[in-house]
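No hydrogens, no waters, no symmetry mates; every other heavy atom, side chains included, goes into these values. In what follows, chains carry the letters A, B, and so on, assigned in the order in which the sequence lines appear, proteins first and then strands, with residues in each chain numbered from 1.
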Protein chains: 2
Amino acid sequence: MDTLSSRIQNGDVPAVCRSCEARHGGVCSALTPAQLVELSKHSSRRTIDAGTEFIGQGESISSYSNILKGVVKLSKVMADGRQQIVGLQFAPDFMGRPFLGESRMAAEAAIDTEICVFPRRAIERLIAETPGLEHLLHSQALKELDEARDWMLTLGRKTAQEKVASFLALIASHSDPEAEEKSMFELPLSRADIADFLGLTIETVSRQMTKLRKEGIIQIENNRHVTVPDLGRLVAAAGND
Amino acid sequence: MDTLSSRIQNGDVPAVCRSCEARHGGVCSALTPAQLVELSKHSSRRTIDAGTEFIGQGESISSYSNILKGVVKLSKVMADGRQQIVGLQFAPDFMGRPFLGESRMAAEAAIDTEICVFPRRAIERLIAETPGLEHLLHSQALKELDEARDWMLTLGRKTAQEKVASFLALIASHSDPEAEEKSMFELPLSRADIADFLGLTIETVSRQMTKLRKEGIIQIENNRHVTVPDLGRLVAAAGND
DNA sequence: CGGGCCTTTGAACACCTTCAATCTTCGTGG
DNA sequence: CCACGAAGATTGAAGGTGTTCAAAGGCCCG
């Protein structure tokens with residue numbers, strides 16, 4: 001629209017940030033061009049292969065990051081190995097636990113993922129001097145809290161079939177943001193991951209997927225590719241009214 | 001210590017706030033005396049009897065509040081009546097979901113509770129003009145997110161016995177903040193509430209309590225009064241290493 | 001002391017898990 | 001291009017943990 005001013009504005013923005021999606025929805029959208037320039041000097045892009053854990057549970061944290069592409073799973077492990085995925089993060093989510101020196105969970109790329117890494121000090125300084133940034137992070141924390149509590153209902157009170165349907169509905173909502181009816185997507189998680197997200201076993205997940213398929217609520221190809229002909233039926237199977 | 005300046009400072013603080021605990025740990029600690037004066041004009045104390053629901057799921061929100069005394073349970077209900085408690089709040093927690101017009105869950109006093117109620121507009125104006133307040137609320141949101149995710153592990157991966165022990169350990173930690181060994185407290189929840197918090201039935205909760213009692217990990221008198229002779233054993237029974 | 005509610009206890013059952021075998025998919029190398 | 005092997009997914013049968021249904025016991029308050 002206003003090509004002149006946007007050209008000028010872009011002129012101020014670091015080259016690496018110019019094509020970055022996170023600049024619009026992510027934390028960087030709360031920063032001024034000058035702050036972006038400063039931050040970009042200390043930040044770096046990183047590619048993480050599927051299955052790579054890049055933050056360990058209990059590990060001390062020296063950096064934050066932004067997801068540019070991909071899906072990250074956050075998980076907790078008990079001493080005897082039992083595991084629970086406590087959150088999935090998608091682009092352009094911010095990752096890290098502000099104001100806490102160590103991570104209370106592990107972070108692992110569910111599929112091939114790209115992140116932009118910022119030094120911890122730089123972010124904390126920016127938060128202190130940029131109310132808009134703290135507001136944005138506060139909003140994301142509240143959104144994640146809402147999601148965590150929704151999932152507590154799923155974990156505590158839903159049946160295996162409802163749990164699996166809830167998971168599929170969650171992924172569908174992140175794939176086709178505004179699809180009203182049909183939906184198609186690739187599952188970012190293996191059956192084992194889905195089980196750890198739902199508090200079930202691999203076998204139960206598999207059986208419930210088969211059941212949903214036989215009931216015509218979903219179609220599955222090559223294990224990961226899912227088609228949902230009628231989202232309404234899936235949501236109903238998830239127990240969400 | 002400096003009695004003069006503290007007298008002057010107290011002189012600026014509204015009478016109703018002077019003896020209020022929340023002024024130290026709660027949201028009000030982030031406000032200046034002048035802001036406190038202004039806010040107190042529009043706020044009011046309220047006593048809520050045990051079992052009274054004072055915010056409904058899906059209800060539109062016109063106020064926030066601070067817990068002065070008591071315990072509040074936050075719960076979600078499914079269409080068919082299945083219920084899950086998704087959080088417990090203690091004094092001096094702030095209650096309400098900033099930046100969202102309606103509540104995604106119900107709030108009910110678990111025991112007799114006192115709260116200080118603020119009009120929504122007043123709080124949102126204060127947040128916008130007081131970075132320290134937003135920081136405090138952000139910190140509380142992150143703390144609640146940590147708690148919610150810890151509980152997801154409990155709901156998804158722990159056995160009934162570990163769940164009940166986890167609940168008792170949680171209550172113990174809120175009763176005797178720094179007790180190293182022994183602990184005594186009154187349970188703020190009925191067996192039915194505990195079941196809804198743990199994703200179990202009343203009967204299973206009862207059976208596991210009996211089991212913990214027979215194993216000597218806890219003592220119970222009059223259903224609600226619990227003594228924990230050795231917190232270490234309870235924590236171990238909760239599966240926390 | 002009686003009534004109601006909450007809690008405990010018991011027995012049968014169901015759902016999910018466990019253990020085990022088979023099948024599919026996909027990457028690798030011949 | 002196909003064959004092979006490993007990893008992941010599905011399916012089956014048996015078993016266990018927690019649920020459901022039912023009854024009895026205990027606590028609180030009139």
Does Glu108(A) come within less than 4.0 Å of Lys73(A), counting only side-chain N to carboxylate O? yes

Base, sugar-phosphate or nothing for Gly51(A)? Non-hydrogen atoms, less than 4.0 Å. nothing

May I ask you to say what Ser190(A) touches in the nucleic acid, namely base, sugar-phosphate or nothing, with a heavy-atom cut-off under 4.0 Å? sugar-phosphate

Rounding to a whole Å, what distance do you find between [X]:[atom1] and [N]:[atom2]?
| X | N | atom1 | atom2 | answer |
| --- | --- | --- | --- | --- |
| Lys211(A) | dC16(C) | NZ | P | 8 Å |
| Arg207(A) | dC16(C) | CZ | P | 11 Å |
| Leu198(A) | dC15(C) | CG | P | 18 Å |

Side chain of Ser206(B) only, please: which of dT9(C), dT11(D), dT17(C) is the nearest? dT9(C)

Of all the choices, dG10(C), dT11(D), dT8(C), which nucleotide is nearest to the side chain of Thr210(A) once you look at every atom? dT11(D)

Does a nitrogen or oxygen in the side chain of Thr201(B) sit under 4.0 Å from OP1 or OP2 of dG18(D)? no

So which of residues 217-225 of chain A are in contact with DNA chain C, with a heavy-atom cut-off of under 4.0 Å? Asn222(A), Asn223(A)

Arg191(A) or Ala160(B): which one's nearest nucleotide on DNA chain D is closer to the 5' end? Arg191(A)

Could you pull out every donor-acceptor pair under 3.5 Å between side chains of residues 145-157 of chain B and any protein atom, sequence neighbours left out?
{"residue": "Asp146(B)", "atom": "OD1", "partner": "Arg97(A)", "partner atom": "NE", "Å": "3.4"}
{"residue": "Asp146(B)", "atom": "OD2", "partner": "Arg97(A)", "partner atom": "NE", "Å": "3.0"}
{"residue": "Asp146(B)", "atom": "OD2", "partner": "Arg97(A)", "partner atom": "NH2", "Å": "2.8"}
{"residue": "Arg149(B)", "atom": "NH2", "partner": "Glu144(A)", "partner atom": "OE1", "Å": "3.0"}
{"residue": "Asp150(B)", "atom": "OD1", "partner": "Lys76(A)", "partner atom": "NZ", "Å": "2.8"}
{"residue": "Asp150(B)", "atom": "OD1", "partner": "Arg104(A)", "partner atom": "NH2", "Å": "3.1"}
{"residue": "Asp150(B)", "atom": "OD2", "partner": "Arg104(A)", "partner atom": "NH2", "Å": "2.4"}
{"residue": "Trp151(B)", "atom": "NE1", "partner": "Phe197(B)", "partner atom": "O", "Å": "2.9"}
{"residue": "Thr154(B)", "atom": "OG1", "partner": "Asp150(B)", "partner atom": "O", "Å": "3.4"}
{"residue": "Arg157(B)", "atom": "NE", "partner": "Gln83(A)", "partner atom": "O", "Å": "2.7"}
{"residue": "Arg157(B)", "atom": "NH1", "partner": "Leu200(A)", "partner atom": "O", "Å": "3.1"}
{"residue": "Arg157(B)", "atom": "NH2", "partner": "Ala195(A)", "partner atom": "O", "Å": "3.1"}
{"residue": "Arg157(B)", "atom": "NH2", "partner": "Asp196(A)", "partner atom": "OD1", "Å": "2.8"}
{"residue": "Arg157(B)", "atom": "NH2", "partner": "Leu200(A)", "partner atom": "O", "Å": "2.9"}

